[in-house]
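Here the structure is a predicted model, which is why all the values come from computation and not from measurement.
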Amino acid sequence: MVETPTLVIIVPCFQEEEALPGTHERLSGLLAGMVSRGEVSARSRIAYIDDGSTDATWHLAKGYADATEMACAVKLSSNVGLQNAIIAGLETMLDEADIFITIDADLQDDIQAIPTMVQRYKEGYEIVYGVRTNRRSDSWFKRTSAMAFYRLMHHLGTRSVYNHADFRLMDRRTVAELLRYPERNLFMRGIVPLMGFKSTTVEYERAERTAGKSKYPLSKMMGLAVDGITSFSIRPVRLVLVMGVVFVFVAIIILAYVLYSKFSGHAVTGWSSTILSLWFIGGCILIGLGVVGEYIGKIYMEVKARPRYHVDQKIIK
């Protein structure tokens, strides 16, 4: 633990030209205040990680890095997703700081929680999770689906921090350990708690987005949920096995009933029950194949061991 640590705030950005000017103004003001109060060292910085944006995001980030030593800019050659962009920022800046805070560029996460997170680090915690006190800024569907997801992850045996996304503080040692995880299908909300280092939480109230558009529509949220489940649990595959065993027992019961009906003279010809059974069993088979296929697809992506990202340009003073 360092008394006056060097802090790097990692800000992954994708198509954030509308939000970035306000984001930089607020973050640079906060960081300058923390430096003047002696909470962090004067070498502390903000690192903007452009995740393959096609708008003016990189132009803005590069301008901030050219104008002041407080800002750094890293441009990835293509869009690799939020989780990989965070990893790129942490890996690039690993030797530049003692502690790292990751935060979304829209600043819906309360930046006023950052000084408190740094204080928790000084108290001896190696990881500090930013946790929302409520989800009033989310739609009813997003609130409900998020709660269902956290419950499902808990039942599947995955460690996770309720109402925590990617707003967290980590010290250099824990970041170095995180970077030892080589998987391409990243789900850091599960990996970071899995490491087991001394951690605590800081609560904050999430704000409404003031500029730009959300980069996490329903399709991406569902993809993140699938990545989280398949990266940390094989219970869905076991569930498919259990379903198969249950269907075999059901088939035996139906066979006994059919034989009884035939020999007792009560057999009734018809096709409805047959067709319904075929559709039901067929659907279950397809679900089972889909679940197994999802895991095989993850194995396929992992065994190729391709790089998670490529850095096109970087400006670090």
Side-chain angles (χ1 to χ4, degrees), residues 1-13 16 19-49 60-61 63-74 86 89-90 92-134 161 163-176 178 192 197-211 315-317:
M1 191 267 290
V2 180
E3 282 300 322
T4 308
T6 300
L7 166 66
V8 168
I9 302 174
I10 305 289
V11 186
C13 308
E16 294 288 358
L20 208 55
T23 296
H24 179 68
E25 181 180 358
R26 292 177 60 193
L27 283 177
S28 57
L30 175 83
L31 192 56
M34 293 178 69
V35 170
S36 66
R37 293 191 297 271
E39 296 172 355
V40 295
S41 80
R43 295 185 62 253
S44 298
R45 304 172 189 174
I46 307 162
Y48 297 105
I49 315 300
L60 292 169
Y64 302 144
D66 288 335
T68 174
E69 293 185 357
M70 185 179 287
C72 306
V74 177
I86 291 173
L90 292 172
T92 302
M93 303 300 296
L94 180 61
D95 296 327
E96 304 293 330
D98 302 303
I99 54 175
F100 304 83
I101 289 179
T102 55
I103 188 170
D104 291 345
D106 56 23
L107 292 195
Q108 286 185 268
D109 299 317
D110 186 7
I111 65 172
Q112 298 305 320
I114 291 177
T116 307
M117 297 170 88
V118 173
Q119 181 58 40
R120 294 291 179 270
Y121 160 76
K122 292 179 180 179
E123 293 170 3
Y125 294 100
E126 297 166 286
I127 302 173
V128 184
Y129 301 102
V131 175
R132 306 176 193 180
T133 55
N134 60 68
V161 179
N163 271 346
H164 164 71
D166 292 299
F167 184 31
R168 70 178 72 86
L169 177 148
M170 302 177 69
D171 69 2
R172 185 188 297 177
R173 182 169 77 108
T174 57
V175 169
L178 173 64
V192 175
F197 292 106
K198 188 177 181 181
S199 63
T200 187
T201 61
V202 169
E203 294 186 342
Y204 67 96
E205 188 167 339
R206 189 169 169 84
E208 297 278 356
R209 173 183 273 268
T210 57
I315 304 171
I316 304 173
K317 298 179 183 178

**Message:** Could you tell me if the side chain of Arg173 sits less than 4.5 Å from the side chain of Phe197, heavy atoms only?
**Reply:** yes
**Message:** With rounding to the nearest 0.5 angstrom, report the CD1 to CD1 distance, Ile127 to Ile99.
**Reply:** 13.0 Å
**Request:** Give the intermediate values and the outcome of side chain to side chain contact (heavy atoms under 4.5 Å, CB included) for residues Met93 and Val175.
**Result:** CA-CA 10 Å; Met93 303 300 296; Val175 169; over 6 Å; no
**Fill in**
Closest non-hydrogen atoms of Val192 and Leu178, given as atom of the first, atom of the second and distance, are CG2-CD1, 4.4 Å
**Item:** Beyond-backbone contact of Arg172 with Phe100, side-chain heavy atoms, under 4.5 angstrom
**Value:** yes
**Request:** Could you note down all residue pairs passing side chain to side chain donor-acceptor pair (under 3.5 Å) where residues 35-47 supplies at least one of them, sequence neighbours left out?
**Result:** Thr6-Ser41, Arg37-Glu39, Arg45-Glu96
**Message:** Just verifying a value: how many Å separate Ile114 CD1 and Phe167 CZ, rounded to the nearest 0.5 Å?
**Reply:** 4.5 Å
**Request:** Find out whether Val11 and Ile103 are in side-chain contact, i.e. whether some heavy atom of one side chain is under 4.5 Å from a heavy atom of the other.
**Result:** yes
**Prompt:** Hey, does the side chain of Thr133 reach the backbone of Glu203 with a donor-acceptor pair shorter than 3.5 angstrom?
**Reply:** no
**Asked** Under the side chain to side chain contact (heavy atoms under 4.5 Å, CB included) criterion, do His24 and Leu60 qualify, and how do the steps go?
**Response** CA-CA 10 Å; His24 179 68; Leu60 292 169; over 6 Å; no
**Fill in**
For Val118 and Met34, the nearest pair of non-hydrogen atoms, with its separation, is CG2-CE, 3.7 Å
**Complete:** Rounded to the nearest 0.5 Å, the CG atom of Leu169 sits from the OG1 atom of Thr116 at a distance of 11.5 Å
**Item:** Spacing of CD belonging to Glu126 relative to CE belonging to Met170, to within rounding of 0.5 Å
**Value:** 9.5 Å
**Prompt:** Is there a side-chain contact between Ile49 and Thr92, using heavy atoms and a 4.5 Å cut-off?
**Reply:** no
**Message:** With side chain to side chain contact (heavy atoms under 4.5 Å, CB included) as the criterion, how do Ser28 and Thr68 come out once you've worked through the C-alpha distance, each side chain's angles and the decisive distance to 0.1 Å?
**Reply:** CA-CA 10 Å; Ser28 57; Thr68 174; over 6 Å; no
**Under 3.5 Å donor-acceptor, Asp104 side chain and Asp106 backbone** = no
**Message:** Tell me whether the count of non-hydrogen atoms from other residues, nucleotides or ligands lying under 6.0 Å of CD in Glu69 goes above 12.
**Reply:** no
**Request:** Output the distance between atom OH (Tyr48) and atom CG (Leu27), rounded to the nearest 0.5 Å.
**Result:** 5.5 Å
**Prompt:** How about Glu16 and Thr23: do any of their side-chain heavy atoms sit closer than 4.5 Å?
**Reply:** no
**Message:** Could you report the tightest heavy-atom contact between Gly38 and Thr4, atom names first, then the distance?
**Reply:** O-CG2, 3.8 Å
**Request:** Please report the shortest heavy-atom distance between Gly124 and Lys198, naming the atom on each side.
**Result:** O-CD, 3.6 Å
**Item:** Expected output: side-chain Lys317 to main-chain Met70 donor-acceptor under 3.5 Å
**Value:** no
**Complete:** For Ala105 and Pro12, the nearest pair of non-hydrogen atoms, with its separation, is CB-O, 3.6 Å
**Message:** Are the side chains of Val40 and Pro115 in contact, using a 4.5 Å heavy-atom criterion?
**Reply:** no
**Message:** Using 30° and 60° as the class boundaries, would you call the ring planes of Tyr129 and His164 parallel, tilted or perpendicular?
**Reply:** perpendicular
**Asked** How would you list, by chain and number, every residue that makes a salt bridge (charged side-chain N to carboxylate O under 4.0 Å, His left out) with Glu123, sequence neighbours excluded?
**Response** Arg120
**Message:** If only side-chain N and O atoms count, and only distance matters, is there a donor-acceptor pair under 3.5 Å linking Tyr204 with Asp109?
**Reply:** yes
**Asked** Would Tyr64 and Ile315 satisfy side chain to side chain contact (heavy atoms under 4.5 Å, CB included), going step by step from the backbone distance to the final call?
**Response** CA-CA 10 Å; Tyr64 302 144; Ile315 304 171; over 6 Å; no
**Message:** On a heavy-atom basis, which atom in Pro5 and which in Glu3 lie closest, and how many Å separate them?
**Reply:** CD-O, 3.3 Å
**Complete:** When rounded to the nearest 0.5 Å, the distance separating CG of Leu90 from CD1 of Ile10 is 5.0 Å
